[in-house]
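This report refers to the structure that appears directly beneath it.
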Amino acid sequence: MKLWGGRFTKEENQLVHNFNESLSFDQRFYRQDIKGSMAHVTMLAKQGIVTEEDKEAILEGLEGILKDLDEGTLVFTREHEDIHSFVEAVLTQRIGEAGKRLHTGRSRNDQVALDMKLYCRDEIDQIQGLVKGLLEEILKIMEENLDTYMPGFTHLQKAQPVTLAHHMGAYFEMFWRDYQRLGDTRKRLNYCPLGSGALAGTTYPLDREYTADLLGFSGPTLNSMDSVSDRDYVIELLGALSTIAMHLSRFAEEVIIWNSNEYRFVELDDAYSTGSSIMPQKKNPDIAELVRAKTGRVYGALVSILTVMKGIPLAYDKDIQEDKELTFDAIDTVKGSLSLFTGMISTMTFNKQVMEESAKKGFTNATDAADYLVNHGVPFRDAHGIVGQLVLYCIERSMALDDLSLEEFQAVSPVFDNDIYEAISMKTCVERRTTVGAPGQEAMRKVILACRERIKEM
Ligand code: ARG
């Protein structure tokens with residue numbers, strides 16, 4: 001059954017139908033579609049465009065359809081082109097004439113624009129909830145590890161000592177920005193396209209402010225052609241999701257490295273790792289690897305929609321129907337990754353001893369040894385050279401700087417004294433870094449308080 005049968009003389013070819021239809025995937029937002037129709041008919045009645053009786057019949061009919069779809073007693077059948085045609089057909093079948101009045105002053109073009117926005121908005125709210133859950137887990141690890149020393153890396157080479165709290169704090173910042181980015185996207189998309197018709201508005205005296213208000217939008221969109229053809233909010237959302245996926249992937253990569261036999265910084269919980277069918281000793285970080293890998297699908301969705309949108313003339317073109325499956329897949333993927341990843345980090349254990357030993361063995365205190373000399377009047381460039389010589393000396397003997405005797409220190413520079421040991425201890429190295437954003441406990445405590453506040457505001 002076609003909505004547009006009147007103009008056509010031939011039955012649609014089955015292959016054409018299959019290629020053209022979207023019900024198989026846009027059925028996913030039947031709730032949003034029905035909610036939009038309810039607001040539309042409420043407005044139509046307020047404006048005297050349909051009668052109160054018709055409105056009541058339509059609302060009751062739509063509620064019944066919603067309930068039956070929720071309960072699974074009404075099923076989607078293949079002959080309908082999309083969710084909009086399906087709902088209207090079932091409505092008319094159930095309530096008769098009145099059902100045919102629902103689509104007054106509306107096109108599927110503004111209808112689908114509305115549905116997609118409502119759907120994205122609902123999903124943004126859910127994804128923000130998941131990001132918040134992840135941030136809470138990260139903050140917990142930060143609070144518990146203010147003095148868990150570990151090497152900080154650049155080029156994946158041990159650089160300077162930090163704490164686990166500080167390292168986790170970096171991810172807190174990333175995911176906090178992701179949360180904000182989703183909120184920004186939501187704010188910008190939150191204008192109601194309904195009432196834009198096919199492209200040029202309608203001749204009915206619609207109250208678009210009222211419909212926008214009923215549906216929780218900030219207001220109506222201001223150009224009907226833009227309203228039906230705009231999908232840049234989908235691009236923004238997929239951009240935000242790609243960034244989340246990228247952040248998750250970096251974190252996953254670190255977990256994989258830290259869980260390796262060589263590092264042993266963390267131990268994954270059995271529930272989040274898997275064994276090998278042949279090698280009995282294996283405990284593999286599959287979940288982290290999959291989170292890392294699934295990033296590709298999310299990027300793929302972003303590139304797809306950018307490509308779909310790049311060449312289509314105003315206003316609506318069927319190309320735009322391609323916005324859905326890829327968006328749905330990216331949303332599902334990111335939601336899954338966020339949930340699994342949060343579960344994984346909340347159950348993994350940190351080998352604090354191993355982390356601290358690793359920081360000690362990697363000359364992460366070399367900068368502090370040079371700073372010690374600078375504080376005793378040696379120019380930094382000279383200090384850098386002196387400590388470089390000491391590092392080489394240690395490497396040849398498999399020692400740490402802390403293992404050198406005072407005589408060995410003084411053999412390279414007489415400026416060294418007994419307080420050098422205190423000056424290059426892991427604790428001193430970290431605790432002297434007290435500027436905002438640095439790993440010293442004093443600075444970190446303030447940051448943690450600020451992070452708590454940020455979570456409270458979510
Ligand atoms: N299924 C369509 C979509 O997703 C709905 C709008 C159809 N409009 C049209 N003029 N064929 O974009």
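Numbering of ligands and ligand atoms starts at 1, following listing order.
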List ligand 1 atoms under 4.0 Å from [X], heavy atoms only on the residue side.
X      : result
Ser22  : 1 (N)
Lys324 : 3 (C), 4 (O), 12 (O)
Gln321 : 1 (N), 2 (C), 3 (C), 4 (O), 12 (O)

Is the shortest side-chain N to carboxylate O distance from [X] to [Y] below 4.0 Å?
X      : Y      : value
Arg78  : Glu21  : no
Lys324 : Asp82  : no
Lys67  : Asp70  : no
Glu267 : Lys283 : yes
Asp332 : Lys294 : no

**Study point:** Polar contact flag for Glu81 and ligand 1 (N/O pairs, less than 3.5 Å)
**Key:**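 No, no N or O pair falls under 3.5 Å.
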Check your understanding: Looking only at non-hydrogen atoms, which of Ile320, Asn109, Asp82 approaches atom 9 (C) of ligand 1 most closely?
Key ->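 The option holding the nearest heavy atom is Asn109.
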Check your understanding: Picking from Val447, Ile448, Leu135, what satisfies side-chain contact (heavy atoms from CB on, under 4.5 Å) with Phe172?
Key ->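 Checked Val447, Ile448, Leu135 against Phe172; only one passes side-chain contact (heavy atoms from CB on, under 4.5 Å): Leu135.
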**Study point:** Protein contact of atom 3 (C) of ligand 1 - nearest heavy atom, named by residue and atom, plus distance
**Key:** Tyr316 OH, 3.2 Å
**Study point:** Nearest non-hydrogen protein atom, atom 11 (N) of ligand 1
**Key:**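 Protein heavy atom at minimum distance: Arg108 NH2, 3.7 Å.
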